[in-house]
Amino acid sequence: MLTFSRRILCMRFLSAAFLLTVGASLQAQKPVQPIRLIVDATQAPQKILHAHLEMPVQPGPLTLVYPKWIPGEHMPNGPILQLAGLKFSSGGKTIAWRRDLVDMFAFHLQIPQGATSLDIELDALLSAPAAGYSSGASATASLEVLSWNQVVLYRAGQAVHEVMFAPSVRLPDGWKYGTALPGAKQAGSTIEFAPVRLDTLVDSPVITGKYFRTIQLTPGENPPHLMDIAADSAAALAMPPDTEMHFHQLVVETGALFGSRHYRDYHFLVTLSDDVAHFGLEHHESSDDRTFERSLIDGAARIYFAGLLPHEMVHSWNGKYRRPADLATPDYQQPMKDDLLWVYEGLTEYLGDVLTSRSGLLTPAQTRENLARLAAWYSNQPGRAWRPLQDTADAAPFLYEAKQDWGNWRRDVDFYDEGELLWLDVDSTLRRLTSDQKSMNDFCKAFHGGPGGEPALKTYAFEDVVATLNGLAPYDWGGFLRARLDTTSPNTPIEAIENSGWKLVYNELPNEIEANRDTVRREVELTYSIGMIVGEDGTVVDVIHGGPAYVAGLGPGMKIAAVNGKQFDSEALKDAIDAAKTGSAPLQLLTANGARFQNFSVDYHGGLRYPHLERESSRPDYLSEILHPLAK
């Protein structure tokens, strides 16, 4: 880790990789006077943060902006709605402000003569619903996750790597914290950090809480890897030793896969709570991982959670170090173009699931069940008939906000999971073309490797991905990728499974991963029988467009009250589907649609069907090789 003085010196000489991103060569500059940022988080349990900023200014017009496009979230969802108490002053005198009428994230001021410093007061309201991403709920009575973008303003038009902040935060008494921010000094409940660039600040959240645990995953090694865990109870921190060892192994396997590390240290910032938004958000030297309170100690929750940390850690290489040029904007106000999210997120989903297996967080058999689930969903998804995979990336800024209902017809952010199948197909094809001498392991070293050490940024375009693949195995990779991205209903799901040496089959045996998801999400997955997903209370979560339930007239939001004249429960519904195999009478579902009840007849007699993978002996078993650990 660099000292503060060396970090300031390094600001004069930006790395060549970063210069590629900003598209200009910067000459040595004098250190920029930082903006002082003081955050009071002592009322986080009341769902409110207070912030004070002291900003150097000059007399004249000034436009300040609130971050709009948050890196890693791929949409303009900066929580401007949760900004309150905004006041500007200088020398004790209030300065009036006016919001821009076109850009709601911009504020116009007139700095008076003689003023050299601007004082800014603002509050960030933490009372958002427990849904969405970092703008969702982030605080409970016992913990809080501080996303710095929620409490900063900066000059319009200024590149974020040119803005310096001197941040500090005051925590509730007795709370501990974890972060990748450097130079922390604690006095009582206040932590002061060394001055950092705005892009580093926003990229370095702070996790804090009453029930807190830090685990050294690579003790005595460089760079350090830590797991900082905040929970809503002390019991939730009691991760079994064998699970902890799998996270140790995850770090080992990432080193074997990529061959270098582009960070000074790495922190998994894990939030265990049922009352915060659940998601993962990547950062260069940390990851913000929020999940159910019992995810480290409960069997079903642990399986559901298993792939989150591997996915977010992969982003340190694929997303942070290597990033699509159109996502590397100079500030947080300019729109990001999401067309390469099938690389940014799809490849990360693939590598994350591979590492989940290689590290032992899931077994190879469980990973195959997950791949069967994905292949079955996308090979049967009706929305693929009209919306190509590429458009799920292009349309990501609004698809991220889509609900589950009609998701099979509208499509969702499918560049994640169908993207995973695409990259499985790439991996198997590389192995076939090179007689199993080259694979995505080699791609990762070539594309994401390099000297490592200090965080860096190296941008890429579609052509760079194709060139790297051609460097491993000459082929029409551009045509291969574009055919799967730009056409509707490509055979990618089945092709990916078969080319890896397996085949997709259906039978009445529940898929382990699908059943586990049903337990955690309190749903019953009936996609491949009557074509529905139903909540445990009978609410119809989704109906497969064109499936038996759809043809019968059912739709999302309806609520099943009775199955064949008997009160609804999920087991009764499954039993009725099974029993219908031997008769000709349709399934009768008494359903409420608002205030009206109606009986729907579902004419289906195929029984319960669940997806699995079976070995295809006529093909090489590439999938087993892919899931085998690299590290010795």
Side-chain angles (χ1 to χ4, degrees), residues 41 43-49 73 79 82 124-147 150 171-172 174-178 205-215 227-240 243-244 247 268-281 286-312 361-362 400-401 403-404 513-525 533-539 541 570:
Q43 289 183 271
Q46 292 178 258
K47 311 299 189 292
I48 190 168
L49 298 175
E73 302 198 24
Q82 301 299 94
L125 309 179
L126 306 179
S127 53
Y133 300 93
S134 63
S135 58
S138 62
T140 71
S142 302
L143 57 82
E144 199 266 328
V145 184
L146 171 58
S147 298
Q150 296 179 337
L171 307 178
W175 285 24
K176 298 179 180 179
Y177 75 97
V206 177
I207 185 175
T208 178
K210 177 181 179 180
Y211 304 106
F212 201 91
R213 181 185 181 190
T214 295
I215 300 172
M227 183 180 290
D228 298 309
I229 313 171
D232 271 339
S233 66
L237 299 173
M239 176 167 50
T243 302
E244 182 178 327
F247 290 115
F268 295 104
L269 306 176
V270 181
T271 305
L272 302 174
S273 173
D274 296 336
D275 298 314
V276 299
H278 291 163
F279 63 91
L281 184 60
S286 63
S287 59
D288 179 358
D289 310 294
R290 310 185 196 184
T291 187
F292 297 102
E293 181 178 343
R294 297 180 60 83
S295 290
L296 295 178
I297 58 175
D298 178 82
R302 184 193 63 78
I303 291 173
Y304 188 79
F305 163 70
L308 180 59
L309 269 60
H311 177 101
E312 300 306 336
L361 287 162
L362 289 181
Y400 269 111
E401 299 293 336
K403 305 303 180 184
Q404 191 173 355
I513 297 300
E514 194 173 80
N516 190 82
R517 285 168 58 87
D518 285 354
T519 298
V520 174
R521 295 157 68 109
R522 299 180 178 180
E523 297 174 349
V524 55
E525 173 76 69
I533 302 171
V534 183
E536 65 177 12
D537 65 348
T539 299
V541 176
S570 58

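Around the NZ atom of K47, the shell of radius 6.0 Å holds more than 12 heavy atoms that belong to other residues, nucleotides or ligands.
Looking at every heavy atom in both residues, D228 comes nearest to T214 through OD1-OG1, 2.9 Å. Of all heavy-atom pairs spanning A137 and A130, the tightest one is CB-CA, 3.7 Å. The two atoms that bring A230 and T208 nearest to each other are CB-O, 4.0 Å, heavy atoms only. Nearest heavy-atom pair across L309 and F247 is CD2-CE2, 3.6 Å. Across all their heavy atoms, P240 and L296 have their closest contact at CD-O, 3.1 Å. Nearest heavy atom pair, residue G535 against residue V541, reads N-CG2, 3.6 Å.
Residues passing the side chain to side chain contact (heavy atoms under 4.5 Å, CB included) test with S233 are A235, A236, E293, sequence neighbours excluded. Remark: S134 engages E73 in a side-chain hydrogen bond (donor to acceptor under 3.5 Å, both in side chains) (not counting sequence neighbours). In this structure, the side chain to side chain contact (heavy atoms under 4.5 Å, CB included) partners of E401, at least two apart in sequence or on a different chain, are M75. Checked against salt bridge (Lys or Arg N to Asp or Glu O under 4.0 Å), R213 has the following partners two or more places apart in sequence or in another chain: E244. With sequence neighbours left out, F292 forms a ring-ring contact (aromatic ring centres under 6.0 Å, His included) with H278. Applying the salt bridge (Lys or Arg N to Asp or Glu O under 4.0 Å) rule to E514 yields no partners; only residues at least two apart in sequence or on another chain are considered. With sequence neighbours excluded, the residues that form a side-chain hydrogen bond (donor to acceptor under 3.5 Å, both in side chains) with S287 are Y266, D289. With sequence neighbours excluded, the residues that form a side chain to side chain contact (heavy atoms under 4.5 Å, CB included) with R522 are E536. Contacts of S147 classified as side-chain hydrogen bond (donor to acceptor under 3.5 Å, both in side chains), with partners at least two apart in sequence or in another chain: none. With sequence neighbours excluded, the residues forming a salt bridge (Lys or Arg N to Asp or Glu O under 4.0 Å) with D288 are R290, listed by chain and number. Take D232 and apply the side-chain hydrogen bond (donor to acceptor under 3.5 Å, both in side chains) test, not counting sequence neighbours, and it matches T140, S273. Under the rule for a ring-ring contact (aromatic ring centres under 6.0 Å, His included), Y177 has no partner lying at least two apart in sequence or in another chain.
Taking CG of L362 as the reference point, atom CZ of R302 lies at 7.0 Å (rounded to 0.5 Å). To the nearest 0.5 Å, the span separating CG on L49 from CG on L125 amounts to 9.0 Å. Atom OG in S138 sits 4.5 Å away from atom CG in L126 (nearest 0.5 Å). Between the CD1 atom in I229 and the CZ atom in F268 there is a gap of 11.0 Å [rounded to 0.5 Å]. Rounded to the nearest 0.5 angstrom, I48 CD1 and Q82 CD are separated by 10.0 Å. Atoms OG1 and OH, from T291 and Y304 in turn, are 8.0 Å apart once rounded to the nearest 0.5 Å.
Ring planes of Y133 and Y400: perpendicular class, angle over 60° (limits at 30 and 60°).
Side-chain contact between F305 and L361: absent, with no pair of heavy atoms (C-beta onward) separated by less than 4.5 Å. Residues L269 and V145 fail the side-chain proximity criterion, which asks for heavy atoms closer than 4.5 Å.
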